[in-house]
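Computed from a predicted structure; not experimentally measured. Just so you know, ligand 1 is whichever comes first in the structure, and atom 1 is the first atom listed for that ligand.
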Amino acid sequence: MDQRKGRLRVAIQKKGRLADKSLDLFRRAGLRLSNGKNDLFFKAENFPADFLMVRDDDIPTFVNSGVCEFGIVGRNVLEEWCLGGDDRQIEVLKPTGFGKCSLRIAVPDGANYRGPQSLSGMRIATSYPRLLKAFLDANNVEAFIVRMSGAVELAPRLNIAAAICDLVSTGQTLEANGLKAADIVLESEALLVRSGGKFDPSLESVAEKLRLRFNGVLATEETKYVMLNAPAAALKKITEILPGAEAPTVVPLAGDADRYAVHAVCKESVFWETLERLKAAGASAILVLPIEKMML
Ligand code: PRT
Ligand code: ZN
């Protein structure tokens, strides 16, 4: 009898910046999840998937070993982990759009930083020694890497290091510690990953189902349904402005031979500026509606 009994396993962060949004993504994919705060393992009630709640740093190990078929992890954690050895069997399926940050070099406010060469011979504190080493190597810079597991931004003040390499999102932490951001080592966000090895055949079709639902959920984030009215002469221009729309539906408006209703699925962000351009091109009664579900 198959150990898994046709149930997928998914690794997500138990507590931290990615935890709630990861669960939310699966909920939006239609999974009913009712985990208690302290559950390390729980089952989706209406889908053959079980969830392992772990530290984010362990997610690559779980997915790589095939203990879990799927996981959600920051690119920063994944790439640092991947640089740690061979035989990596993790496939990135999709960026999720949340957990965005960048791994950056930062130096004290008054420092005269003129690019990576300025780091030559310096002590640099980081929790990402492999990514930092790769960055230094790529720039032919020799420096001393000081490994820290947290509170990296304190290192310059404590004279542990002259620069740091740490995650930045708003920049407030750097500012509060008298540091300024310099070069970007890595742009990161949370990624949906899958184990690269072959799945147990009993899991293949469930895995594909989940992957398709995810594509749908993530596609609806930016995708909008746009409706507007326009005179015949403006149709060509308006179609060109609609962002990421393939073939809009154009139907004549009742009682007005020259005016049409245009309906389109726009796969890119529709900004206020887009609406202003549409209006300037002759569109009126422009509506932008969210799309709740989508199957591609
Ligand atoms: O316990 P566990 O190991 O699971 O969690 P953790 O403490 O290692 O990670 P956690 O929850 O802090 O972050 C999880 C993931 O969120 C990271 O691996 C990144 O992919 C992503 N992420 C996004 C961030 C940030 N933004 C972020 N700003 N992770 C950390 N930070 C920290 C940063 O290290 C610095 O201390 O926030 C501070 C800077 O933030 P700003 O807004 O002041 O610039
Ligand atoms: Zn962690």
Side-chain angles (χ1 to χ4, degrees), residues 9-26 35-42 51-65 67-68 70-84 88 90 92-109 113 124-132 134-135 145-158 160-161 163-194 218 221:
R9 269 197 214 134
V10 183
I12 58 177
Q13 190 189 27
K14 177 170 166 51
K15 210 172 95 203
R17 288 167 195 264
L18 307 182
D20 289 346
K21 288 195 169 146
S22 301
L23 280 177
D24 192 47
L25 209 53
F26 285 96
N35 61 313
K37 272 248 171 301
N38 292 317
D39 292 350
L40 294 176
F41 182 87
F42 63 92
F51 286 74
L52 240 65
M53 311 293 276
V54 296
R55 289 199 59 176
D56 66 346
D57 317 75
D58 294 330
I59 292 174
T61 308
F62 279 113
V63 176
N64 188 66
S65 62
V67 167
C68 294
F70 290 100
I72 293 185
V73 65
R75 186 183 293 281
N76 51 309
V77 170
L78 178 67
E79 299 218 346
E80 178 71 14
W81 185 86
C82 284
L83 288 172
R88 298 315 195 193
I90 301 186
V92 174
L93 284 182
K94 278 258 172 210
T96 62
F98 65 83
K100 288 193 176 169
C101 56
S102 36
L103 182 64
R104 299 186 74 151
I105 302 291
V107 292
D109 270 334
Y113 186 84
I124 313 167
T126 189
S127 311
Y128 296 88
R130 294 173 190 140
L131 283 167
L132 175 57
F135 171 81
I145 297 176
V146 181
R147 292 174 184 231
M148 290 178 71
S149 54
V152 172
E153 60 278 352
L154 297 180
R157 251 198 290 162
L158 301 174
I160 295 170
I164 67 168
C165 169
D166 198 14
L167 298 175
V168 181
S169 46
T170 62
Q172 280 171 9
T173 307
L174 291 186
E175 201 182 321
N177 286 283
L179 300 167
K180 62 178 178 190
D183 287 303
I184 296 178
V185 173
L186 181 83
E187 293 283 11
S188 183
E189 67 182 284
L191 305 170
L192 173 69
V193 295
R194 60 156 271 174
L218 295 171
E221 304 247 291

Legend entry - Exercise: identify the closest heavy-atom pair between Arg9 and Val67: NH1-O, 3.2 Å

Inset, instruction - With the side chain counted from C-beta on, respond yes when Ser102 and Leu186 share a heavy-atom pair under 4.5 Å apart, and no when they do not. - result: no

Inset, instruction - Please name all residues satisfying side-chain contact (heavy atoms from CB on, under 4.5 Å) with Leu154, sequence neighbours left out, ordered by chain then number. - result: Ala151, Arg157, Leu158, Asn177

Inset, instruction - Specify whether Phe42 and Phe51 have parallel, tilted or perpendicular ring planes, treating 30° as the upper limit for parallel and 60° as the lower limit for perpendicular. - result: parallel

Legend entry - Atoms of type N/O/S from protein, distance to the Zn ion (ligand 2) below 2.8 Å: 2

Legend entry - Within the 4.0 Å heavy-atom sphere of ligand 1, strictly under, residues: Gln13, Lys15, Gly16, Arg17, Leu18, Arg55, Asp56, Asp57, Gly74, Asn76, Val77, Gly99, Lys100, Cys101, Glu153, Asp166, Leu167, Val168, Ser169, Thr170, Gly171, Gln172, Thr173

Inset, instruction - Indicate yes or no: at least one non-hydrogen side-chain atom of Phe98 is less than 4.5 angstrom from one of Ser22. - result: yes

Legend entry - Side-chain heavy atoms of Ile164 within contact of Thr126, under 4.5 Å: no

Legend entry - Flag side-chain contact, heavy atom, 4.5 Å: Ile124 against Leu132: yes

Residues 70-82, side-chain donor-acceptor partners within the protein, below 3.5 Å, at least two apart:
residue	atom	partner	partner atom	Å
Asn76	OD1	Ser188	OG	2.9
Asn76	ND2	Tyr128	OH	2.9
Glu80	OE1	Arg130	N	3.3
Glu80	OE1	Leu131	N	2.9
Glu80	OE2	Arg130	N	2.8
Trp81	NE1	Thr61	OG1	3.3

Inset, instruction - Determine whether Val10 and Cys68 make a side-chain contact, defined as any pair of heavy atoms from C-beta on separated by less than 4.5 Å. - result: no

